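Predicted model only: the values in this text are computed from it and were never measured.
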Amino acid sequence: MTRGRADGVQKKRLITFLCVVAIILGIVYFYDGSSFGSQVHNGASSLRKLGSSYLGGDDNSDSDSKDEATFKFGLEDGEDGMVPRSYPVCDDRHSELIPCLDRNLIYQLRLKLDLSLMEHYERHCPPPERRFNCLIPPPTGYKVPIKWPRSRDEVWKANIPHNFLAKEKQDQNWMTEKGEKIIFPGGGTHFHYGAGKYIASLANMLNFSNDNLNNGGRIRTVLDVGCGVASFGAYLLSSDIIAMSVAPNDVHQNQIQFALERGIPAYLGVLGTKRLPYPSRSFELAHCSRCRIDWLQRDGILLLELDRLLRPGGYFAYSSPEAYAQDEEDLRIWREMSALVERMCWKIAAKQNQTVIWVKPMTNDCYMEREPGTQPPLCRSDDDPDAVYGVKMEACITPYSDQTQRTRGSGLAPWPSRLTSPPPRLTDFGHSIDMFEKDTEVWQRRIENYWNLLKPKIKADTLRNIMDMKANFGSFAAALKDKDVWVMNVVPEDGPNTLKLIYDRGLLGSVHNWCEAYSTYPRTYDLLHAWTVFSDMERKGCSGEDLLIEMDRMLRPTGFIIVRDKRPVVEFIKKHLTALHWEAVATADADSDSEQDDGEIVFVIQKKMWLATETLRDSE
């Protein structure tokens, strides 16, 4: 009897213990998300009460009145709910999170994508219930990046702790490990002995003087697809050529992250099913060196996307086995590709060793002379070749506008004159030359004022990667021409598509919607410039708090933000400084130098250096 009672007591204790465990697990499940796993750090649920569903969109559990409070900057204190004292830190495994290019999200949502079309490398943004409300932590041992121009050749290994490419591409001189650093010798799959010699060889093939690919300023903007770690783009810079280096986050782990860490213009993108986020006639040269792209698929649709992006008389430099190998399969591909580009009216400008360079026609004349029914067809007359955000590619040839046909070319001045010359496509927007010149002058003065505010905090080499989040004509970037920086000019997807004017000025940029995350790795920009971006978010009904979190993700530790917006926006941001671990540097009234100022305030912010294992997690 005594033993039986003891057994009964033990069973009761066991049942009680199991119940307690079940209750604890239930609480953890409630806070951490569904069985797929909400990957938001503990504490994110409290942020939902603030209406912060990361990167746009409203949380379905919040009422309309709460959602309103999220983005109404003009509310008095106390009307807009609580302001967070701190944000939770995302788990360490999310230190390289790109919310709209998150492979885990694709698996969790069970999206049915065609892998053969590279749809899994295209943008797929999280729905509201799966958006992150936490700060992205830097990796363990993170250091302030090495400054340009040294960064072209070396970066801190701790900042991008991946050695796959160093081992996989060691024999091709992509990159090597050396102590605490990653070294970039300047090689590539096709140019083991250095990008500089390869670039000179391309210029020599085209008979450009002094083997300079710049060709007297006539080649300025270049698209490098499948760019690796962007050494091709890095070595073009000394020739006053700027390249948009594009690659997906594929098996070549973190190649774009390495490019941006080096201080080289780069963008996460893929030639898949949607147009790249650049307007038509943006580049003088497209380049593919062993980029492993099937150019013949789907009636040549990917090659036709390059055709859309090339200017009149633009070049496509193609270095690949098909251009020189003699085995049966490579010969077949070469024959079919040659036939395709001939029907597209491209001609061989030069062919030597392992490289062929095609040139695009200057006018529509060749297109008009093709036999009826020739494939690929011309695009429909109602197709807008500059509509790119989320727009599907078409297997058709984009004909030139009447203006281009009349001028028999792009009509652009050589670089650097084109930076300040009124772009020919300015008339597409009904703007006058006087308006363009005034905008250029206004931003020249504004940049001088910005640098006076930043002067106590920066040195000549502090800034390298800069983003203008609402670029308009690109005059912000144009005013920085004498500084050793490059600017990613972002144009809103729902406004006038002035990005083509920016490219016509010899600058780079992309189209984007700031209600979503940008296609870049965390910690990739030294300075973000936000001119009325928050006011635009308010009009669109997107969360200003979400935008703050996204800006923090993109900004390097010790980096800067310049906000130029109305006073309630600045007051809204000031309330979040402590939670974001930012600090105010300067506040100034905007000079009334433009009709667009409308009572704007300039607010300069610096992001503090913090590590997840120290400041933030200890405070939670």
**Prompt:** Does the side chain of Trp514 reach to within under 4.5 Å of the side chain of Asp536, using non-hydrogen atoms?
**Reply:** no
**Request:** Could you tell me whether the side chain of Lys351 reaches within less than 4.5 Å of the side chain of Ile357, counting heavy atoms only?
**Result:** no
**Message:** Could you tell me if the side chain of Leu223 sits less than 4.5 Å from the side chain of Leu285, heavy atoms only?
**Reply:** no
**Message:** What I want to find out is whether Asp365 reaches Arg370 closely enough, with some N-O distance under 4.0 Å, to be called a salt bridge.
**Reply:** no
**Message:** Any carboxylate oxygen within less than 4.0 angstrom of a Lys/Arg side-chain nitrogen, looking at Asp383 and Arg275?
**Reply:** yes
**Item:** CG-CG distance between Leu463 and Leu480, expressed to the nearest 0.5 angstrom
**Value:** 9.0 Å
**Item:** Contacts of Trp334 that satisfy side-chain hydrogen bond (donor to acceptor under 3.5 Å, both in side chains) - sequence neighbours left out
**Value:** none
**Asked** Between Tyr503 and Arg311, is a side chain to side chain donor-acceptor pair (under 3.5 Å) present by the stated rule, with each step listed?
**Response** CA-CA 11 Å; Tyr503 274 93; Arg311 299 196 196 278; over 6 Å; no
**Request:** Find out whether Glu329 and Glu322 are in side-chain contact, i.e. whether some heavy atom of one side chain is under 4.5 Å from a heavy atom of the other.
**Result:** no
**Message:** Given Trp295, which partner from the list Ile301, Leu306, Val341, Ile333 fulfils the side-chain contact (heavy atoms from CB on, under 4.5 Å) test?
**Reply:** Leu306
**Request:** Report the distance from atom CZ of Arg290 to atom OG of Ser320, rounding to the nearest 0.5 Å.
**Result:** 6.5 Å
**Message:** Between Arg332 and Glu336 (salt bridge meaning N to carboxylate O under 4.0 Å), is one present in this structure?
**Reply:** yes
**Request:** Test His287 against every option in Tyr318, Tyr198, Tyr235 by the ring pair (Phe, Tyr, Trp, His ring centres under 6.0 Å) rule and name the one that passes.
**Result:** Tyr198
**Asked** For the residue pair Ala478 and Leu507, what are the closest heavy atoms and their distance?
**Response** N-CD1, 4.2 Å
**Asked** Does a donor on one side chain sit under 3.5 Å from an acceptor on the other, for Ser151 and Glu261?
**Response** no
**Asked** With distance as the sole test, does Glu394 use its side chain to make a donor-acceptor pair with the main-chain N or O of Cys379 at under 3.5 Å?
**Response** no
**Fill in**
The reported gap from NE2 in His512 to OH in Tyr389 (rounded to nearest 0.5 angstrom) is 5.0 Å
**Basic-acidic side-chain contact under 4.0 Å: Arg150, Asp461** = no
**Ion pair check, Glu448 and Arg445, cut-off under 4.0 Å** = no
**Request:** Check Arg505 against Thr420 and note the closest heavy-atom contact, atom names and distance.
**Result:** NH2-CA, 4.4 Å
**Request:** Identify the heavy atoms of Ile98 and Tyr518 that sit nearest to each other, and give their distance.
**Result:** CG2-O, 4.0 Å
**Asked** Is a side-chain donor or acceptor of Arg343 paired with a backbone partner of Gln375 at a separation under 3.5 angstrom?
**Response** yes
**Request:** May I ask you to check whether Trp531 and Trp443 place their ring centres under 6.0 Å from each other?
**Result:** yes
**Request:** Apply the side-chain contact (heavy atoms from CB on, under 4.5 Å) test between Ser475 and each candidate in Thr440, Asp468, Leu419; give the one that qualifies.
**Result:** Thr440
**Prompt:** Quick one: are the ring centres of His431 and Phe436 less than 6.0 Å apart?
**Reply:** no
**Prompt:** Hey, does the side chain of Asn214 reach the backbone of Gly217 with a donor-acceptor pair shorter than 3.5 angstrom?
**Reply:** yes
**Lys/Arg-Asp/Glu bridge criterion (N-O < 4.0 Å) met for Asp504, Arg281** = no
**Item:** Ser239 OG to Ile219 CD1 distance, which is reported to the nearest 0.5 Å
**Value:** 10.5 Å
**Message:** If you define the side chain from C-beta out and look only at heavy atoms, does anything of Lys470 sit under 4.5 Å from Val490?
**Reply:** no
**Request:** Could you tell me the separation between the OG atom of Ser417 and the CG atom of Leu412, rounded to the nearest 0.5 Å?
**Result:** 11.5 Å
**Message:** Please check: side-chain N/O of Asn465 versus main-chain N/O of Thr524, any donor-acceptor pairing under 3.5 Å?
**Reply:** yes
**Prompt:** Does any non-hydrogen side-chain atom of Ile256 lie less than 4.5 Å from one of Tyr267?
**Reply:** no
**Prompt:** How far apart are the closest heavy atoms of Gln255 and Pro248, and which atoms are they?
**Reply:** NE2-O, 3.1 Å
**Request:** Give a yes-or-no answer on whether the side chains of Ser401 and Thr404 include a donor-acceptor pair shorter than 3.5 Å.
**Result:** yes
**Request:** Determine, stepwise, if the pair Thr498 / Asn472 fulfils side chain to side chain donor-acceptor pair (under 3.5 Å).
**Result:** CA-CA 6 Å; Thr498 54; Asn472 196 27; 4.5 Å; no
**Fill in**
What one should report as the nearest heavy-atom pair of Leu113 and His120 is CD1-CA, 3.8 Å
**Asked** Where do Tyr315 and Trp346 land on the ring pair (Phe, Tyr, Trp, His ring centres under 6.0 Å) test, with the steps shown first?
**Response** CA-CA 9 Å; Tyr315 299 100; Trp346 290 10; over 10 Å; no
**Asked** How would you list, by chain and number, every residue that makes a ring pair (Phe, Tyr, Trp, His ring centres under 6.0 Å) with Tyr278, sequence neighbours excluded?
**Response** Phe283
**Request:** Over all heavy atoms of both residues, which pair between Ala530 and Met469 is shortest? Give the atoms and the distance, please.
**Result:** CB-SD, 4.0 Å
**Message:** Pair Lys500, Ser282 - check side chain to side chain donor-acceptor pair (under 3.5 Å), show working.
**Reply:** CA-CA 7 Å; Lys500 57 187 175 182; Ser282 292; over 6 Å; no
**Item:** From CA spacing to verdict: side chain to side chain donor-acceptor pair (under 3.5 Å), Asp114, Ser116
**Value:** CA-CA 5 Å; Asp114 190 330; Ser116 68; 2.5 Å; yes
**Asked** Ion pair present between Glu284 and Arg418, side-chain N to carboxylate O less than 4.0 angstrom?
**Response** yes
**Prompt:** Is there a donor in the side chain of Thr355 and an acceptor in the side chain of Ser319, or the other way round, less than 3.5 Å apart?
**Reply:** yes
**Request:** Identify the residue among Asp307, Asp386, Asp384 that makes a side chain to side chain donor-acceptor pair (under 3.5 Å) with Ser280.
**Result:** Asp386
**Request:** Could you give me the CA-CA distance, side-chain angles and deciding distance for Arg464 and Asp526, then say whether salt bridge (Lys or Arg N to Asp or Glu O under 4.0 Å) is met?
**Result:** CA-CA 6 Å; Arg464 174 60 183 171; Asp526 299 300; over 6 Å; no
**Request:** Enter the distance from Leu303:CG to Gln297:CD here, rounded to the nearest 0.5 Å.
**Result:** 11.0 Å
**Prompt:** Going by atom types alone, do Arg123 and Ser519 pair a side-chain donor with an acceptor below 3.5 Å?
**Reply:** yes
**Asked** Is His529 reaching over with its side chain to a backbone N or O of Arg564, donor-acceptor style, under 3.5 angstrom?
**Response** no
**Prompt:** Is there a side-chain contact between Val388 and Leu276, using heavy atoms and a 4.5 Å cut-off?
**Reply:** no
**Message:** Could you go through Cys100 and Cys125, starting from their C-alpha distance and side-chain angles, then the distance that decides it, and tell me whether this counts as disulfide (SG to SG under 2.5 Å)?
**Reply:** CA-CA 4 Å; Cys100 293; Cys125 295; 2.1 Å; yes
**Message:** Any heavy-atom pair between the side chains of Asp330 and Arg335 that's under 4.5 Å?
**Reply:** no
**Request:** Start with the C-alpha distance between Ser231 and Arg262, add both sets of side-chain angles, then the distance that settles side-chain contact (heavy atoms from CB on, under 4.5 Å), and finish with yes or no.
**Result:** CA-CA 10 Å; Ser231 289; Arg262 297 173 70 186; 3.1 Å; yes
**Asked** Can we say the SG-SG distance for Cys291 and Cys227 is below 2.5 Å?
**Response** no
